[in-house]
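To start, the structure itself, in structure tokens.
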Amino acid sequence: MRLVTPQRIAAAIAILVLATLPAWVTDTYYINITSQILLFAVFALALNVLVGYGGLVSLGHAGLFAIAGYTAALLMEAGHGHLLSDVAGLVAVVIASAVFGVLALRATGIGFLMITLALGQIVWGLAYRWAGLTHGDNGVNVSGRPTVFGLGLTGATSFYFATLVVFVITVAAMALFVRSPFGASLRGTRDQPRRMSALGYNVWLIRFVAFLFSGFWTGVAGLLFIYYNQFISPQVAALTSSAEALLMVISGGSATLLGPIVGAAIVVIMKNVVSAYVERWNMALGIIFVLIITFMPEGLVPGSVRLWKLAWQGMRKQPAASGTLKEQQS
Amino acid sequence: MNALAQDTAAGAAPPPALAVRGLTKSFGGLRVTKGVDLAVAPGERRLIIGPNGAGKTTLFNLITGEIAPDDGAIVFQGTDITRLPCRRRVHLGLARTYQIITLFARDTILRNVTLALLGLSHLRWNPFIDLDHQHHLTEAARAALARVGLDHICDRPLAQTSYGERRRVEIAMALAQNPKVLLLDEPFAGLSVDERRDVRNLLTAIPRDVTIVMIEHDMDVALEFAERITLLHFGEVIVEGSRAEVVADPRTREVYLGH
Amino acid sequence: MSQWLTLAVNSISYGGLLFLLSAGFSLIFGLMRIPNLMHGSFFLLGAYFGVTFLAQGMNFWLAALLSAAAMAVIGAIIERFLLRRLAGQELAQVLLTLGLSFVVADACLMIWTGDPWQPETPHAFQGALQVEGLFFPIFRLVIVLVAVAIAIALWLLVDWTRLGAMIRAGVDDAPMARVVGIKVSQLFTLIFALGAGLAAFAGVIGSPVLSVYPGLDNEMLPVALIVVILGGTGSLLGALVGSFIIGFLYNFGQAWFPDLAYVILFLPMVVVLVLRPQGLFGKVVP
């Protein structure tokens, strides 16, 4: 097992670049954009656990994102400290994920999609209508950011570093998960659920635990979000938000760890930068969705790799690998 | 007490490795399995034959628990497993291969067999360690692949293997689970003459502590292999007996030729 | 008492509107096996078309029919040139309709701005019927009559015509229908167009009551989804029964539990999907 692989070098470079970003990007606007990208990358990675590795497409994850955010924000508004509120937010999202999972895993495929859509809408409806609890459309303000190890996070740069740390931890957790036996089990249930059952795996339970894992990290992203934004409103739980998260996963590519990160970058950059020039962000989002699903359904990262390989093979005139010599002779 | 005395004391033959009693299954209005009785002795080589649509694969699906019967019982090594969920049965020693290749196309063949082994291990729930570093699993997978003659291409993606190689991967996966009862669903389907010979040699080499039940259409190879044969037609057992008995039975001809 | 009656009348007329919206959705889901996530967009865009036609002084019913026709054409184009490219990949098709719904929503915002439009109730049907001291708004009753008329027409189409037989065959088993010689791909285009047209028609008819505003699509789609899940995908009877049940749940729920309005609607849907996925009368399990 080589210690130094191209992937590890690339990852090291990426971390170096990200860690030193504030040194060579001085405009806080761009630092903030990068913070956004990182926190939404956590969201996208979390969603991808189900979509990419579990084969279960959810249109309700914004509901989970919002549950974590609202729980923490409302507790902070009531005067509780950051630590308590954040932990409560994570506990709440894991419980909600369990509920979502039990209900949605009665089905797979489109049935799963519709149940998660409905559940996300219920959360949105509660956030929007139960004004007594959530202040409805007025949203909930979040005052201040926590102090971690004596460092206040109110500044853009310090918040960026905190987000970067959480992001790196998330990526590490995801990398562990992907290479682990449990990760392999989950992918197995994606590809051949019936066979997995016959091989001794508890397919439902695997998916359920994956749902909890996905929900937990979605909650982490939700907490980062309320600190970044200092505000949360029902829009966060809306169907368009779930669709945006799904777009991040799909546009980057759901089969890899890099895909959702790239996808988050694409969506956040388009949303922030493009919307300075183009008034109608939703339309752009929709068009990108349509184009990717129609022409590059596997996502930009694998799609680009595929096109690159095709071009490379075309140049070297390499035939595709075939079976044993014996097969070729018979 | 010696073995003979033990047997005499027990007063009976050892219980069947696999038995099925009155197994019935309908899909909508269609009765696919009608009161099937089956008893396979330990170490036996049983062949199940019958025209297409006879319900052979359905019978396997019922035995493994992938579908639930409407009526009847399934007894494995003396234990009633009718209500036991599918995922538990392999832990008791029941393994199968599939008629239609249902392997993990996105993985290497080593990973395919490793997954089969992982299903029996508590490690399958572990989200921290690296699966590729679990050498006891990967080495056992390699050994299983060596038994079917594929260990030289362990790391080849399944998508780049031939049909014959995939059939052998299926068998490797089933053998890797050290089953007591092995269900083979058309293991020779679609193979070339050479490949059939290889697979037949492979199967003949399986020791007698494994009971084998095979569904097959290819009569030449299967008949050679079988000790007892069960003939199914429209979900019912029509003829059952030793190879010679079934081959000679006029009902066999009737089922296949219609007269 | 009169509040009950008003709520009841509103429920029935809302139910009628929902039927027009959901019938198409149900047929699309039953035949093409996809929940059309742009169905609300058809409703919204159709309503906006109606608003524009009415602003030109067109007759109300003509505007509704023209809008329906225009939307049917748009629906046919979308099915033929976009959805059909993804034939067999239902999940991708669903996501495609989702993406298109965003495009339509923003396009409407661009063209018709964010202000709500509320066309006038057609002159002939303004006012209310007075019976025993109770007032029944005439237009709402007209909506119900129109919905029932179209329900009958659809029923005749599906149960009594050859085309209807083909549709039913496609809903039961599309691949088999193909084998038997039914041009299922063309049926897909037809049903998608029909669904779009019905939704647009509903949008125009409903506009004097609901008005037309950004976000209307996101309000109507989930309700159609609930109706069809409850009543059963692929079943017109289910769409009819489901529409009126939901019409009542929605109106009475809004009045009595405004905080939990969405929960009251979506909870039955979740319950049905979990316990009896084919709904009350459905043939297709999502």
Side-chain angles (χ1 to χ4, degrees), chain A residues 1-2 5 49 52-55 172-210 212-214 216-217 254-256 298 302 318-330, chain B residues 60-61 64-67 85-92 94-96 98 102-107 111-112 114-134 137 149-150 152-153 156-157 159-165 173-174 177 183 192-195 198:
Chain A
M1 188 69 188
R2 291 185 303 166
T5 65
V49 167
Y53 297 112
M174 293 291 161
L176 264 182
F177 170 81
V178 166
R179 305 176 72 88
S180 72
F182 182 69
S185 307
L186 180 64
R187 291 201 298 284
T189 64
R190 171 195 66 193
D191 294 334
Q192 300 282 2
R194 233 180 80 168
R195 174 141 225 170
M196 289 297 281
S197 211
L199 287 176
Y201 295 88
N202 187 334
V203 171
W204 184 91
L205 192 56
I206 291 173
R207 287 175 169 159
F208 181 73
V209 172
L212 297 179
F213 186 70
S214 169
F216 174 79
W217 292 102
S254 61
T256 63
E298 75 270 44
Q318 213 40 295
S322 54
T324 64
L325 200 56
K326 210 169 157 191
E327 310 318 318
Q328 283 172 334
Q329 280 174 346
S330 59
Chain B
F60 269 18
N61 289 337
T64 59
E66 285 163 72
I67 54 181
C86 173
R87 63 179 181 273
R88 291 259 229 279
R89 301 188 190 191
V90 70
H91 294 276
L92 295 178
L94 177 66
R96 78 169 286 181
Y98 289 79
T102 51
L103 296 170
F104 301 99
R106 301 203 212 185
D107 293 304
R111 175 54 70 93
N112 266 266
T114 310
L115 273 174
L117 286 164
L118 186 63
L120 294 167
S121 159
H122 286 295
L123 280 181
R124 66 190 187 274
W125 290 108
N126 191 316
F128 303 116
I129 56 181
D130 188 334
L131 180 58
D132 287 331
H133 290 164
Q134 301 313 302
L137 284 175
L150 287 177
H152 59 291
I153 50 167
R156 186 172 296 176
Q160 291 171 17
T161 56
S162 71
Y163 183 80
E165 285 163 346
M173 282 170 77
Q177 291 164 31
L183 305 176
S192 69
V193 168
D194 286 339
E195 287 164 342
D198 289 338

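To find a chain, count down the sequence lines: A is the first, B the second, and so on, and within it residues start at 1.
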Item to check | Steps toward side chain to side chain contact (heavy atoms under 4.5 Å, CB included) verdict (A:R190, B:R106) | outcome: CA-CA 11 Å; A:R190 171 195 66 193; B:R106 301 203 212 185; 3.6 Å; yes
Item to check | From B:T102 atom OG1 to A:Q192 atom CD, the distance as rounded to the nearest 0.5 Å | outcome: 5.0 Å
Checklist entry - Between CE of A:M196 and CG of B:L118, what distance do you get to the nearest 0.5 Å? => result 7.5 Å
Next on the checklist: The test is side chain to side chain contact (heavy atoms under 4.5 Å, CB included); show your working for B:L131 and A:F182 and say whether it passes.
Outcome noted: CA-CA 9 Å; B:L131 180 58; A:F182 182 69; over 6 Å; no
Item to check | B:R89 CZ to A:L199 CG distance, which is reported to the nearest 0.5 Å | outcome: 14.5 Å
Next on the checklist: What verdict does the side chain to side chain contact (heavy atoms under 4.5 Å, CB included) test give for B:F104 and A:D191, after you've listed the backbone C-alpha separation in whole Å, the side-chain angles of each residue and the deciding distance to 0.1 Å?
Outcome noted: CA-CA 6 Å; B:F104 301 99; A:D191 294 334; 3.9 Å; yes
Item to check | Nearest atoms (heavy-atom pairs only) where B:L123 meets A:P181 | outcome: O-CB, 3.1 Å
Checklist entry - Does the side chain of B:R124 come under 3.5 Å of the side chain of A:S185 through a donor N or O and an acceptor N or O? => result no
Next on the checklist: Between B:N126, B:T114, B:V90, who has the most heavy-atom pairs with chain A when the cutoff is under 4.5 Å?
Outcome noted: B:N126
Checklist entry - What is the minimum heavy-atom distance between A:Y201 and B:G119, and which atoms define it? => result OH-N, 3.1 Å
Checklist entry - Is chain A contacted by the side chain of B:L103, its backbone, both, or neither, given a heavy-atom distance below 4.5 Å? => result both
Checklist outcome for this item: B:R111 meets the side-chain hydrogen bond (donor to acceptor under 3.5 Å, both in side chains) criterion, sequence neighbours left out, with B:D132
Checklist entry - Which of the residues B:L115, B:L120, B:T64, B:V193 is involved in the greatest number of heavy-atom pairs with chain A at under 4.5 angstrom? => result B:L115
Next on the checklist: Under the rule for side-chain hydrogen bond (donor to acceptor under 3.5 Å, both in side chains), what residues qualify as partners of A:Y53, not counting sequence neighbours?
Outcome noted: none
Checklist entry - So, for B:E66 and A:A198, which heavy atoms are closest and what is the spacing to 0.1 Å? => result OE2-CB, 3.8 Å
Checklist entry - Looking just at side-chain N and O atoms, do A:R194 and B:N61 make a donor-acceptor pair shorter than 3.5 Å? => result yes
Checklist entry - Which residue out of B:Q134, B:H91, B:R88 racks up the most heavy-atom pairs below 4.5 Å with chain A? => result B:H91
Checklist entry - Given a strict heavy-atom distance threshold of 4.5 Å, which part of A:L186 is in contact with chain B: side chain, backbone, both, or neither? => result neither
